[in-house]
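Each ligand, and each atom within it, is numbered from 1 in the order the structure gives. Because only heavy atoms are used, hydrogens play no part in the values below, and waters and symmetry mates are left out as well, while side chains stay in. Residues: numbered from 1 along the sequence shown.
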Amino acid sequence: MNKPLQRFIGRYIELEREVQKLVTGLCNSLCSQCTQICCRADICEEAIESPFLRLINKRTELDSDAYGFLTPTGCGIEIGRPTVCYEYFCADHIYYQPDEIHAKIMRVLGALPAHATRNAIGDAPLSEILQEEKLDQADFQTLEKQLDESFQALEIIKAFYHEGTLPDGADRILDRITFSEED
Ligand code: SF4
Ligand code: SF4
């Protein structure tokens, strides 16, 4: 692993931990009562198919063929989950947000890990590069810039949840965050 990859992984873990904490806080009450849980073993598989994610989560196989990494208390991967696991919110989550701005902020928050890992080689995200030796060839200048953008948006989002309002210039920073195309 070269130095730029090592540095990127260290900072990405920091971002994922913060995003995870906030997303869990927002989603836990609905998800813990859900009878149609959206986690699927084929999504969990991305966590072991992706060399980038494997370097973070250290997993090599699913915990269960049927449930992947899902446990009775939630996801069994502490860190290094597929980025879609943060980016996806079901319609209920959007519906129960108090207003449009809260819904937007939640969607941007969930998109931060995916945004940080885009355009690693061409337009391929880092998590979709399937040969480990190719990770070193990623465009770390672009990746670090996107990671900086995600951290800047995260600070705005944390301030919003703390103060209840967005600071001046917030939209310019939040609007830089890109969303994955839906399947
Ligand atoms: S995101 Fe929605 S569908 Fe998925 S587990 Fe939570 S409440 Fe259920
Ligand atoms: S959150 Fe965890 S259990 Fe759910 S799909 Fe993602 S990796 Fe699997």
- Item | Cationic tip of Arg11 above Phe151 ring, under 6.0 Å, 45° of axis | no
Does the pair [X]/[Y] count as a salt bridge with the N-to-O cut at 4.0 Å?
| X | Y | answer |
| --- | --- | --- |
| Lys104 | Glu100 | no |
| Arg7 | Glu144 | yes |
| Glu155 | Lys158 | yes |
| Glu45 | Arg59 | no |

- Checked atom 6 (Fe) of ligand 1: protein N, O or S atoms closer than 2.8 Å come out as Cys31 SG
- Message: With 2.8 Å as the threshold, which protein atoms of type N, O or S lie near atom 8 (Fe) of ligand 2? Leave waters out.
- Response: Cys44 SG
- Message: Please verify the inter-ring angle class for Phe8 with Tyr12; under 30° counts as parallel, over 60° as perpendicular, anything in between as tilted.
- Response: parallel
- Task: Measure across Ala66 and Ala41 and return the closest heavy-atom pair with its distance rounded to 0.1 Å.
- Result: O-CB, 3.8 Å
- Heavy-atom pair with the smallest gap, counting every atom of His115 and Arg176: CE1-O, 3.2 Å
- Item | Interatomic distance, Tyr161 atom OH to His102 atom NE2 [nearest 0.5 angstrom] | 7.0 Å
- Query: What's the shortest distance from atom 3 (S) of ligand 1 to any protein heavy atom, and which residue and atom give it?
  - Reply: Gln36 O, 3.5 Å
- Task: Check whether Leu62 and Val84 end up in the same hydrophobic cluster, where Ile, Leu, Val, Met, Phe, Trp and Tyr are linked by side-chain heavy atoms less than 4.5 Å apart.
- Result: no
